[in-house]
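This structure is a prediction, so every number in the text was calculated from the model and none was measured.
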Amino acid sequence: MQSIYRAILWGSSCICCKALARRNFCSALASCDRVGTRDSWHKEQCQDLKNSADILIAKVSKASSEEEILESLFNDQACDGIHLSQNLIDRLLDRFKDDWKSALGIFKWASLQSSFRPSPESYDTMIDILGRMKQMEKLKDLLEEMHQGSLITLNTIAKVMRRFVGAGQWEDAVRIFDDLQTLGLEKNTETMNLLLDTLCKEQFVEQAREIYLELKQHIAPNAHTFNIFIHGWCKIRRVDEAHWTVQEMKGHGCRPCVISYSTIIQCYCEEQNFDRVYELLDEMQAQDCSPNVITFTTIMHALAKAEKFEEALRIVERMRSAGCRADTLFYNSFIYTLGRAGRVDDASYVFKVAMPTAGVAPNTSSYNSMISMFCHHAQESRAFDILKEMEDSGLCKPDVQTYHPLIKSCFKTGKTDSLLKDILNDMVNKHHIGLDISTYTLLIHGLCRADRCKWAHCLFEEMIEQGIVPRYRTCRLLLDEVKQKNMYEAAEKIEVVMKKL
DNA sequence: GTAGGGTTAG
C-alpha cells in the first residue's frame, strides 16, 4: 500500500512518469515494487527513458524522408547504445502521432532490432497513425507485415476498416472483410456488423445495404445489424428507411428495442419535429418498450436547445413519473443547455437543488459547465465559488477544461498579474495538471495581447521543451511581438521552430 | 464504434 501511495505521489510530480501513468500505470507500479529504493530507482529509469527518447527525437528531426530517418538511426553509435523498451516506443509513437514519417521510421528501426519486439498494441497504434495521416499504401504494407507475424486482431481490423472508410476508400474496407479468413479471422455476424457499422457511420449506408443483401445469404443478421442500419439511415436523414428497417427487423423475428426507437427519436429531435417524438414515445409504450434515461436525455436536450424550457422540464417530470432515474449526463446536458440559453439561475438551481435532491453526484463536466457559464456571463466570483466547491467535494478533480474559462476571464478583466499567476500555480502545483497545446496557445495569445511578451515567450520555450508543437499562428503572433520589443535572440529561435512546421 | 453532451478562438 505504502509503495503504491509513494509511486502515485511521485508520479504526479514528474512529467515523464505522468505520461507513463496514463498508459502504463500498472506496469510502472510493478517495476517500482521490485526495487527497495523505489523513488531513486524510478527517477533513474525515467531519466534514462527521457535521454533515450531525446536522442532519437533529435536524430529523426534532422532527417526529412522516411529513408533518411531509417538511415540516420542505423549504424549510429548513440542509437546502438539505446536500451529499447515498450515504454520508450509508446512514448515516441505518442510524440510523433502527427508525424507519420518519424513514427514509422522509429517503429521500423525498433522492430528490426534483434533484442526487441514491439507489442501487438503498438502495431495497432502505428496503424492508427498511418490511417489518420491517410497513408493508406503504407498502412497496407504494415498490415501485411502484421499478417506475417500473426499479429492481427479484431481490433486491428476494426481500425483498418474505419481508416479506409474514413479516407473514402470504402471498397478497401470491403476487401479487408473478404480477406478475413486469409488474415486469420472469421467472417461471422460480429465481423459483418463491424463492416456495416463502419460504412454506415461514414454515411455509406446504401453501399452497406448492397453488401448486406449479398452477405445475408451466408451470415445471419441479428438485432445489432438492424440497429446499425436504423442509425445509418437516420444519420443521412432518411428516416423513412429507418422506419422500414424496423419493419424488416420484425420480419426477422427481432423486436425493435429501446436503442432502435431512441435512434429514430434522435433524428426527429434534430429536425425539431417534436410531434413525431411524442408519437414515438407513445408507440414505445404501446410496444411495451420503456424509454430509458438516454431516450429522455436526447429529448430534453433537444427541447432545451430549441428554447422550449418549460417543455424540457415536463420531460424531467415525465421521466420521474416513469420511474426512470436521471443520471449525471442527463443533468449535465440540462445545465449546459440552460447555460447556453443564458438561464444562469435556472442552471444554478438544477445544479444546487435538483441534482442533490435526486441523489445524483456531479462529475468534472458538471462543474466545468457551471464554471464556463458563470465566466461567460462575467460572474467570475461565482465561477471561483464552484471551483472551490469542486476542490472541496473530493468527488472529482479539475482538469484543463475547468481552467480555460477562468484563464480567459483573467485576460478579459486584465487581471494578468495576481490572479493568472495564482490560477496557473494551482493548476500545476496543486492539481498537477499538465498544460496542453490548447492551454499554451490560449496563454501565449492572451499574454501577447496583454503586452506581456516576455512571459509569453517563456511559456513558448517551455512548450517546445515538453515536445508540444506550437501552431503556426502562435509562432507568427509571438514573433511579431518579440521583434517589436527588440528581443532578437528570441526572434531567431522562433524562426527556427517555424521553419520546421 | 448498436444510442445521450461538450462556448470556435484565444
Side-chain angles (χ1 to χ4, degrees), chain A residues 154-155 157-159 161-163 165-166 189-190 192-202 221-235 242 245 249 254 256-267 269-270 291-302 304-305 315 319 324 326-342 363-377 399-412 437-450 456 470-471 473-474 477-478:
Chain A
L154 196 56
N155 191 28
I157 296 299
K159 283 180 190 296
M161 281 185 180
R162 296 202 192 279
R163 290 307 180 189
V165 179
T189 308
E190 190 189 5
M192 175 180 75
N193 285 349
L194 181 62
L195 173 67
L196 298 177
D197 185 49
T198 307
L199 293 167
C200 284
K201 288 246 160 74
E202 295 291 336
N222 60 13
H224 289 198
T225 318
F226 297 106
N227 284 338
I228 286 165
F229 276 112
I230 291 171
H231 189 236
W233 291 124
C234 286
K235 194 167 172 134
T245 306
M249 187 173 186
C254 300
C257 66
V258 61
I259 296 179
S260 328
Y261 288 112
S262 301
T263 307
I264 303 178
I265 284 177
Q266 160 88 53
C267 189
C269 278
E270 275 166 28
N292 63 17
V293 63
I294 297 180
T295 325
F296 287 120
T297 304
T298 306
I299 301 169
M300 182 276 302
H301 185 80
K305 213 164 122 181
I315 289 293
M319 181 164 88
C324 174
D327 61 9
T328 306
L329 199 59
F330 176 89
Y331 280 112
N332 287 357
S333 197
F334 200 20
I335 290 169
Y336 175 79
T337 39
L338 285 170
R340 286 216 68 166
N363 62 14
T364 300
S365 285
S366 326
Y367 287 106
N368 288 357
S369 294
M370 292 297 293
I371 289 171
S372 132
M373 174 185 76
F374 283 134
C375 286
H376 199 252
H377 290 90
D399 59 15
V400 267
Q401 286 178 4
T402 312
Y403 284 98
H404 279 195
L406 297 168
I407 294 171
K408 280 185 200 169
S409 289
C410 288
F411 290 129
K412 213 162 64 186
I437 169 96
S438 61
T439 315
Y440 276 115
T441 309
L442 174 63
L443 284 168
I444 293 169
H445 287 231
L447 288 169
C448 282
R449 289 178 63 184
R471 295 182 191 150
R473 260 187 62 115
T474 308
L477 183 70
L478 187 61

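Between the side chains of A:His231 and A:Thr263, no donor-acceptor pair of N or O atoms lies under 3.5 Å. Side-chain N/O atoms of A:Thr402 and A:Asp399 include a donor and acceptor closer than 3.5 Å.
Other residues, nucleotides and ligands contribute at most 12 non-hydrogen atoms within 6.0 Å of the NZ atom of A:Lys305.
Using a 4.0 Å heavy-atom distance criterion, A:Asn193 is classed as making no nucleic acid contact. At a threshold of 4.0 angstrom between heavy atoms, the contacts of A:Asn368 with the nucleic acid are absent. Residue-level contact check: A:His376 touches the bases, meaning some heavy atom is under 4.0 Å from a base atom. Using a 4.0 Å heavy-atom distance criterion, A:His224 is classed as a base contact. Using a 4.0 Å heavy-atom cutoff across all strands shown, A:Arg449 reaches sugar-phosphate atoms only and no base atom. Here A:Met373 lies in heavy-atom contact (under 4.0 Å) with a base. Contact annotation for A:Arg471: base contact, defined as any heavy-atom pair under 4.0 Å involving a base atom. Within the nucleic acid shown, A:Thr298 comes within 4.0 Å of sugar-phosphate atoms alone, with no base atom in reach, counting heavy atoms only. Nucleic acid contact class of A:Phe296 (heavy atoms, under 4.0 Å, all strands): none.
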Legend entry - side chain to side chain donor-acceptor pair (under 3.5 Å) assessment of A:Asn363 paired with A:Ser366: CA-CA 5 Å; A:Asn363 62 14; A:Ser366 326; 3.1 Å; yes
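Residues passing the ring pair (Phe, Tyr, Trp, His ring centres under 6.0 Å) test with A:Tyr367, sequence neighbours excluded: A:Phe351. For the ring pair (Phe, Tyr, Trp, His ring centres under 6.0 Å) test, residues two or more places apart in sequence or in another chain that qualify with A:Phe229 are A:Tyr212.
In summary, contact between chain A and DNA chain B, defined as any nucleotide atom under 4.0 Å from a heavy atom of the protein, begins and ends at B:dG1 to B:dG10 in the 5' to 3' direction.
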